[in-house]
Amino acid sequence: MSMADTLVVLDFETTGLSPDLGDRAIEIGAVRIERGNVVDQFQKLMNPGCSVSPFIEEYTGISNLMLKESAPSDEVMAEFAEFVGDSNMLAHNASFDKRFLDAELERISLNYTGEFLCSLLASRRIFQNAPNHKLATLVDFVNIPSDGSFHRALYDSVMTVQVWNALLATIRDQYGVNDIPFALIQRLNKTPKKSVHRFLTNVRDQ
DNA sequence: TGCCAGGCCCTCTTTAGGGCCTT
């Protein structure tokens, strides 16, 4: 699988941090990219059948009234499973979104076959001089224009694409690595930070 | 009842602790 192939970049808004403690997805946003270009998108609020806390209403701008008027989770997640197909996926702090994807799809007995990449892990390796690795900080760090509408699923997934393209451009520009397959980023994200320079230099010289 | 995340990453580490990220 190469970066030239399709990749679905996704982001969940949720009622909290842990599906194991009963937290649920309330919005999913995703874009399909090919060669770094957005070619399709998906955005849906979903009604989890429970109310969200005032903190989450404030944090996301998603109100209980909005969710009450939204399609149920099982319906939206089934549509999303169709959208993803067998594509690989990317998310900022992917372990978080993967946990919710797994939990929500398990509720409706659906599966997926793609694998996840994490832009947070890649950023910690490539942008080692960034002040921190929050999505909003990275958007600023790589000089991407933003209207600041973070914490909505589609907006964050689009911003993740922008950061992702900047990460790939940095790998190309700093190391002369022009072909960046999915598996290369998987190996990069398992490489200790101190060894990243040597790792990418070796890739270039192979 | 009241408590409860999970995984990565660093360091004064590995018989551990705490900050960073995601909502």
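So that the names make sense, note that chain A is the first sequence line, chain B the second, and so on, each numbered from 1.
Here the P atom of nucleotide B:dT22 and the CD atom of A:Glu13 are 11 Å apart, to the nearest Å. Rounded to whole Å, atom C1' of B:dC21 lies 10 Å from atom CZ of A:Phe96. Between the C1' atom of B:dT23 and the NZ atom of A:Lys98 lies a distance of 18 Å, rounded to the nearest Å. The interatomic distance linking A:Asp102 (CG) with B:dG6 (C1') rounds to 13 Å, in whole Å. For the pair A:Lys193 NZ and B:dC10 C1', the computed distance is 9 Å after rounding to whole Å. A:Leu17 has its CG atom 15 Å from the P atom of B:dC21, to the nearest Å. At whole-Å resolution of the value, CE in A:Met46 and P in B:dT23 are 14 Å apart. In this structure, CZ of A:Arg24 is placed 18 Å from P of B:dT23, rounded to the nearest angstrom.
Using a 4.0 Å heavy-atom distance criterion, A:Asp97 is classed as making no nucleic acid contact. Base engagement by A:Phe55 is indicated by at least one non-hydrogen atom pair under 4.0 Å involving a base atom.
Between A:Arg125 and B:dC8 there is no side-chain N or O to OP1 or OP2 distance below 4.0 Å. In this model, the phosphate group of B:dT23 is approached by a side-chain N or O of A:His151 to a distance below 4.0 Å at OP1 or OP2.
When distances are taken from the side chain of A:His92 to each of B:dT23, B:dC21, B:dA5, the shortest belongs to B:dC21. Candidate nucleotides B:dA5, B:dT23, B:dT22 were compared by shortest atom distance to the side chain of A:Asn93, and B:dT22 ranks first. With B:dC21, B:dT23, B:dA5 as the candidates, the nucleotide lying closest to the side chain of A:Asn132 is B:dC21. If you check B:dT23, B:dC10, B:dT22 against the side chain of A:Asp156, the one that comes closest is B:dT23. Taking every side-chain heavy atom of A:His133 into account, B:dC21 is the closest of B:dC4, B:dT22, B:dC21. Of the candidates B:dT23, B:dC9, B:dA5, the closest approach to any side-chain atom of A:Leu121 belongs to B:dC9. The side chain of A:Thr60 approaches B:dT23 more closely than any other nucleotide in the set B:dG6, B:dT23, B:dC20.
DNA chain B is contacted by both A:Lys134 and A:Pro192; A:Pro192 maps to the nucleotide lying nearer its 5′ end (nearest heavy atom per residue). Comparing A:Leu135 and A:Leu21 by the nucleotide of DNA chain B whose heavy atom lies nearest to each, the residue mapping closer to the 5' end is A:Leu21.
To the nearest whole angstrom, the two C1' atoms, one in B:dG2 and one in B:dC20, are 27 Å apart. Straight-line distance between the C1' atoms of B:dC4 and B:dC9: roughly 23 Å, to the nearest whole Å. One C1' atom belongs to B:dG7, the other to B:dT23, and the distance between them is 16 Å to the nearest Å. As rounded to the nearest Å, B:dG17 and B:dT13 have C1' atoms that lie 9 Å from one another. Distance check on atom P: B:dC12 versus B:dG18 gives 15 Å, rounded to whole Å.
In this structure, A:Phe141 and A:Phe127 have perpendicular ring planes: the angle between them is above 60°, well past the 30° mark. Using a 30° and 60° split on the angle between ring planes, A:Phe100 and A:Phe12 fall in the tilted class, from 30° to 60°.
Nearest heavy-atom pair, A:Val52 versus A:Ile26, reported as atom, atom and distance to 0.1 Å: CG1-CG2, 3.9 Å.
Between the side chain of A:Arg32 and the backbone N or O of A:Thr6, no donor-acceptor pair lies under 3.5 Å.
Here A:Lys134 pairs with nothing under the salt bridge (Lys or Arg N to Asp or Glu O under 4.0 Å) rule; sequence neighbours left out.
Ion pair A:Glu27/A:Lys44 not flagged as a salt bridge, since none of the NZ, NE, NH1 or NH2 atoms sits closer than 4.0 Å to an Asp/Glu carboxylate oxygen.
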